[in-house]
Number of protein chains: 2
Amino acid sequence: MDIYIPDQEKITMRTMNVAKMSPNRSRLKHSKKRDIILAAFATQNHVTAQKLHNSLAEEGHRISLGTIYRTMRLFCKMGLAQARHCEAKTQYGHTAAKGRHDHLVCTACGNIAEFENQEIERLRKEIAAENGFTLSVHKLELYGLCSLCGHSDN
Amino acid sequence: MDIYIPDQEKITMRTMNVAKMSPNRSRLKHSKKRDIILAAFATQNHVTAQKLHNSLAEEGHRISLGTIYRTMRLFCKMGLAQARHCEAKTQYGHTAAKGRHDHLVCTACGNIAEFENQEIERLRKEIAAENGFTLSVHKLELYGLCSLCGHSDN
DNA sequence: TTAGGTGCAAAGGGTTTGCAAGCCT
DNA sequence: AGGCTTGCAAACCCTTTGCACCTAA
């Protein structure tokens, strides 16, 4: 249950009710299932809807895949989660959990390592400016093979 | 028809017959359709199968989508093209056309700008090493809004 | 009671595949 | 002739949606 919203405030189902008061979005009701999904997501960064569904099932929670997709989409809209498209699937990651950080994605197993680097942060802005880009989203990804996959090719 | 394979040799259907002598892959036959797809791909970097299909249709070429998918997958295997997953679609880009370069992807319209930066190249290696990653594939992506999309949000 | 939330199954969108027919060698 | 290629449609996979039912407020 250690999810943070961008301004570093810890989020719970209660603070959530404040957070998602976004335009054209009606007020949320409290929901046990959403609580459960939030708790599971909090302990597993970079998960797919299917993975969440599986781990919840293992714990004996029957929550439909559809609900998980809907809930994760909601979390993204609230700024709690961030969707990433890896291969053909959508992975959901935590946002702002540890300040600005980027991802190192293993092209073999799909695992993701996080890193922070001030210099690259500066270059990022520089390169974006040179190309007329606005850095709305903080997202920089590096691809390679992680230590486990680096030996065997594939 | 200006596609280059990694070792900088210009590729044509003829040189292709040499290039794709890969293991467990039988010898390719010459095919007009593949020639046409190659020519179209050469003039349009970062295209989806659907876009290629459309532009070919406009030129009066009737080539099925299935064939385009199969052919682009072949090009990737041969090192002629590189697949990238943007949103839910697969985009095919040229490989090694202009040496090492990275991508700046517009999160609104999907357009891709290419850039080269020596410093980031160095950092890339540094960061990968720090995290135990092997940089098999050269791929680094930055996300933001391009100059056209930067003003209107989304 | 009323507006969300949920399950289920069907629909969607992109990509792959099986099969019969076509083409290169 | 033999084998790679192609078109077509069906199959697939992941994700979204419609609808009827359930639940929080």
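None of these values were measured; they are calculated from a predicted model. Below, chain A is the first sequence line, B the second, and so on; all start at residue 1.
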Less than 4.0 Å between a side-chain N and a carboxylate O, is that true for B:Glu119 and A:Arg122?
yes

Any heavy-atom pair between the side chains of B:Ser55 and B:Gln44 that's under 4.5 Å?
yes

Pick base, sugar-phosphate or nothing for A:Thr48, based on heavy-atom distances below 4.0 Å to the nucleic acid.
nothing

Verify the distance criterion only: is there a donor paired with an acceptor across the side chains of A:Asn117 and B:Glu130 at less than 3.5 Å?
no

In whole angstrom, what separates [X]'s [atom1] from [N]'s [atom2]?
X: B:Glu87; N: D:dC14; atom1: CD; atom2: C1'; value: 14 Å
X: A:Ile37; N: C:dG4; atom1: CD1; atom2: C1'; value: 15 Å
X: B:Gln91; N: C:dG14; atom1: CD; atom2: P; value: 13 Å
X: B:Asp35; N: D:dT5; atom1: CG; atom2: P; value: 12 Å
X: A:Lys51; N: D:dT15; atom1: NZ; atom2: C1'; value: 17 Å
X: A:Lys33; N: D:dA24; atom1: NZ; atom2: C1'; value: 14 Å
X: A:His85; N: C:dG14; atom1: NE2; atom2: P; value: 13 Å
X: B:Arg34; N: C:dT25; atom1: CZ; atom2: C1'; value: 14 Å

Using five base pairs at each end, measure the axis-to-axis angle across the helix from C:dT1-D:dA25 to C:dT25-D:dA1 and round it to 10 degrees.
20°

Which pair of non-hydrogen atoms, one from A:Leu104 and one from B:Ala128, has the smallest distance, and what is that distance?
CD2-CA, 4.3 Å

Quick one: CE on A:Met72 to CZ on A:Arg70, what's the gap to the nearest 0.5 Å?
14.5 Å

In this structure, OH of B:Tyr92 is separated from CD1 of B:Ile68 (nearest 0.5 Å) by 10.0 Å

So if I define the base as every atom that isn't primed, P, OP1 or OP2, how would nucleotides 18-23 of chain C read as a B/S/- string at a heavy-atom cutoff under 4.0 Å?
B-----

If you draw a 6.0 Å radius around NZ in A:Lys51, do more than 12 non-hydrogen atoms from other residues or ligands fall strictly inside?
yes

Hey, can you pull the residues of residues 53-69 of chain A with a non-hydrogen atom under 4.0 angstrom from DNA chain C?
A:Arg62, A:Ile63, A:Ser64, A:Thr67

Counterpart residues, ring pair (Phe, Tyr, Trp, His ring centres under 6.0 Å), relative to A:His53 (two or more places apart)
none

Quick one: is [X] getting a side-chain N or O under 4.0 Å of the [N] phosphate, OP1 or OP2?
X: A:Ser31; N: C:dT6; result: yes
X: A:Lys89; N: D:dC14; result: yes
X: B:Arg73; N: C:dT15; result: no

Residue list, side chain to side chain donor-acceptor pair (under 3.5 Å) with A:Asn54, at least two apart or on another chain:
A:Gln50

Could you check A:His103 against A:Arg84 for side-chain contact (heavy atoms from CB on, under 4.5 Å), going step by step and ending with a plain yes or no?
CA-CA 11 Å; A:His103 295 109; A:Arg84 166 187 330 289; 2.8 Å; yes

Is it true that a side-chain atom of A:His94 and a backbone atom of A:Phe41 form a donor plus acceptor pair closer than 3.5 Å?
yes

Per-pair distances, 0.1 Å, donor-acceptor, side chain in residues 56-65 of chain B, under 3.5 Å, sequence neighbours excluded:
residue, atom, partner, partner atom, Å
B:Ser64, OG, B:Thr67, N, 3.2
B:Ser64, OG, B:Thr67, OG1, 3.0

